[in-house]
Amino acid sequence: MRKLIIYTLFVSVIMSQACKKKEEIQTPAADTVAVAKASVTKASFGKLPDGQEVSVYTLKNKNGIELQVINYGAIVTSLKAPDKNGTLEDIVLGFDSLAGYLTPAPYFGAVVGRYGNRIGKGKFKLDGKEYTLAQNNNGQHLHGGLKGFDKVFWNIEEAPSTEGVALKLTYLSKDMEEGYPGNLNVEVLYILTDNNEWKIEYKATTDKKTIVNLTQHSYFNLTGNAKRDILEHKLTLHADKLVPVDKVLIPTGELTDVTNTPFDFRNETVIGARINDKDQQLELGLGYDHCWVLSSSDSVKLAASVYEPTSGRYLEVYTSEPGIQFYSGNFLDGSLTGKGGVQYKHRYGLCLETEHYPDSPNKPAFPSVVLNPGETYSTQTTYKFSTK
Ligand code: GLA
């Protein structure tokens, strides 16, 4: 009997050991699955001068694409995408720490608003009443003013999405902030899909008639970690017309045909091929710094694509907006040192800012940017990453 008890005990110990082993073996397998699953994590990114804590949120999709976002300016500080060999590298300009973003920076990675782009002399009228905004760019208003949406604290929370991992960023822009009428409730959704897209959904509501034109100001350099300038990138813009500007970069009001000009990107063209051509618009912009009129009237359409031959990276931009500002980084001059100690020299990044045309509040023929109480401003833009 005693022998039987000892034997039974012995067998059950062996059995439980075997089961434990099984659990241990299963655990790493489960971990492997977890790594390939999309995720969102949060860490500290320092403090603003007023003591407010800034966090960095890291979104990862199942293919390893990684997008980092901070509360300050709704800034995308890093975006890692694979090259043709699968090597993940950062394809946006920015800084390693919060301090970099707090020194005057040219809107790296930020949401710009309340009005992205320029408004002539910073003045516009609504129902006969004139409003005056900051003249922060050559006597004109640019990107929301002295303290635009790129320089404010955004609340961030993880948001449910059927399309991928997502963050909801919200900001209340108070009545008359930077001179704009109406309390504007802004909501921006950043979604990273398993289809390798960064999808942005902008929404806003107001309690007084106002103007809104929100965009994203990321500087892309598809070489990865900004190895050289963007002049060898090949660009396609699905636009037959340009919004030409005057000497302070305010639209003249015409929409001109791009045919036979250096602004015709309807067929994929190397950015550097014509950038130094003798052309009045190129001289005014010091390169490309213009808004194109998107040809398709579809609600969401392919607006632009960029191909970088050495890495094989390919970026497509889809939007519901009527225009796209292509800025070739003309004001970058090497005075800013960015991530990993890389000096951001002339034309080291390019922006593709989907938006309504500049100075629309003063150009009645341009699509309207007016938002009334009871309406919801709603636009979307998707940046899609692949290789070829
Ligand atoms: C926008 C403008 C440019 C420049 C950059 C920031 O793209 O159109 O003229 O101001 O922002 O440097």
Side-chain angles (χ1 to χ4, degrees), residues 73-76 92-95 100-122 133-151 178 213-221 226 229-230 233 235 237 239 242-252 263 271 275 281-293 303-304 306 317 319 321 323-338 343-361 363 366 369 381 383:
I75 292 172
V76 167
V92 292
L93 306 192
F95 300 104
Y101 294 100
L102 298 177
T103 55
Y107 309 93
F108 284 157
V111 164
V112 291
R114 191 177 295 199
Y115 197 93
N117 218 316
R118 294 176 175 79
I119 297 177
K121 300 192 177 69
L133 310 169
Q135 298 175 352
N136 58 327
N137 188 260
N138 235 332
Q140 319 306 310
H141 179 77
L142 175 68
H143 291 337
L146 298 171
K147 192 175 179 189
F149 292 1
D150 59 298
K151 295 180 190 69
E178 294 295 311
N213 188 30
L214 304 177
T215 189
Q216 227 294 337
H217 210 298
S218 284
Y219 286 66
F220 294 97
N221 185 322
D229 63 35
I230 50 82
H233 286 51
L235 175 69
L237 291 174
L242 182 76
V243 184
V245 290
D246 64 14
K247 58 180 191 316
V248 286
L249 303 187
I250 294 296
T252 60
F263 292 84
I271 291 172
I275 201 165
Q281 283 299 314
L282 281 176
E283 283 161 17
L284 290 169
L286 305 173
Y288 296 106
D289 192 358
H290 296 79
C291 185
W292 272 254
V293 176
V306 191
V317 187
T319 190
E321 290 282 14
I324 191 164
Q325 178 91 2
F326 162 45
Y327 168 58
S328 52
N330 312 313
F331 295 119
L332 297 176
D333 59 5
S335 58
L336 292 172
T337 299
Q343 212 190 341
Y344 295 146
K345 298 186 200 146
H346 196 215
R347 297 181 175 147
Y348 256 50
L350 67 92
C351 301
L352 290 165
E353 306 156 53
T354 54
E355 60 190 18
H356 273 58
Y357 317 152
D359 202 31
S360 295
K363 301 281 189 302
F366 289 0
V369 289
T381 291
Y383 295 99

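Just the heavy atoms: all of them, side chains too, but no hydrogens, waters or symmetry mates, feed the values below. One-based numbering, in listed order, for ligands and for the atoms of each.
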**Item:** With sequence neighbours excluded, residues passing side-chain contact (heavy atoms from CB on, under 4.5 Å) with K363
**Value:** I250, P251, D359, F366
**Message:** Using a 4.0 Å heavy-atom cut-off, which part of Y219 comes near ligand 1: side chain, backbone, both, or neither?
**Reply:** side chain
**Request:** Could you check atom 11 (O) of ligand 1 against the protein and tell me its nearest heavy-atom contact, residue, atom and distance included?
**Result:** H217 NE2, 2.9 Å
**Item:** Which residue and heavy atom of the protein sit nearest atom 7 (O) of ligand 1, plus the separation
**Value:** E353 OE2, 2.8 Å
Which atom pairs, one a donor and one an acceptor, fall under 3.5 Å between side chains of residues 101-108 and the rest of the protein, sequence neighbours left out?
from, atom 1, to, atom 2, distance (Å)
Y101, OH, F95, N, 3.0
T103, OG1, G100, O, 2.8

**Item:** Atom indices of ligand 1, in the order listed, that fall short of 4.0 Å to a heavy atom of Q325
**Value:** 8 (O)
**Item:** Ligand-side contact atoms (ligand 1) for residue partner P106, heavy atom cut-off under 4.0 Å
**Value:** 12 (O)
**Asked** Short list, please: which atoms of ligand 1 are under 4.0 Å from a heavy atom of Y107?
**Response** 6 (C)
**Request:** Name the closest protein heavy atom to atom 1 (C) of ligand 1, giving the residue it belongs to and the distance to 0.1 Å.
**Result:** H143 NE2, 3.1 Å
**Item:** N330, portion touching ligand 1 at heavy-atom distance under 4.0 Å
**Value:** neither
**Request:** Report yes if the side chains of Y348 and I230 come closer than 4.5 Å at any heavy-atom pair, otherwise no.
**Result:** no
**Prompt:** Quick one: does F331's side chain get under 4.5 Å of L286's, heavy atoms only?
**Reply:** yes
**Fill in**
All heavy atoms of L214 vs all of G113, minimum pair found to be CD2-CA, 3.8 Å
**Message:** What protein heavy atom lies closest to atom 3 (C) of ligand 1? Include the residue and the distance to one decimal.
**Reply:** D289 OD2, 3.1 Å
**Complete:** Tightest non-hydrogen contact, residues Q281 and H290, listed as OE1-NE2, 3.1 Å
**Prompt:** At their closest point, which heavy atom of L332 faces which heavy atom of G349, and how far apart are they?
**Reply:** CD1-N, 3.8 Å
**Complete:** heavy-atom search around atom 10 (O) of ligand 1 in the protein gives L142 CD2, 3.4 Å
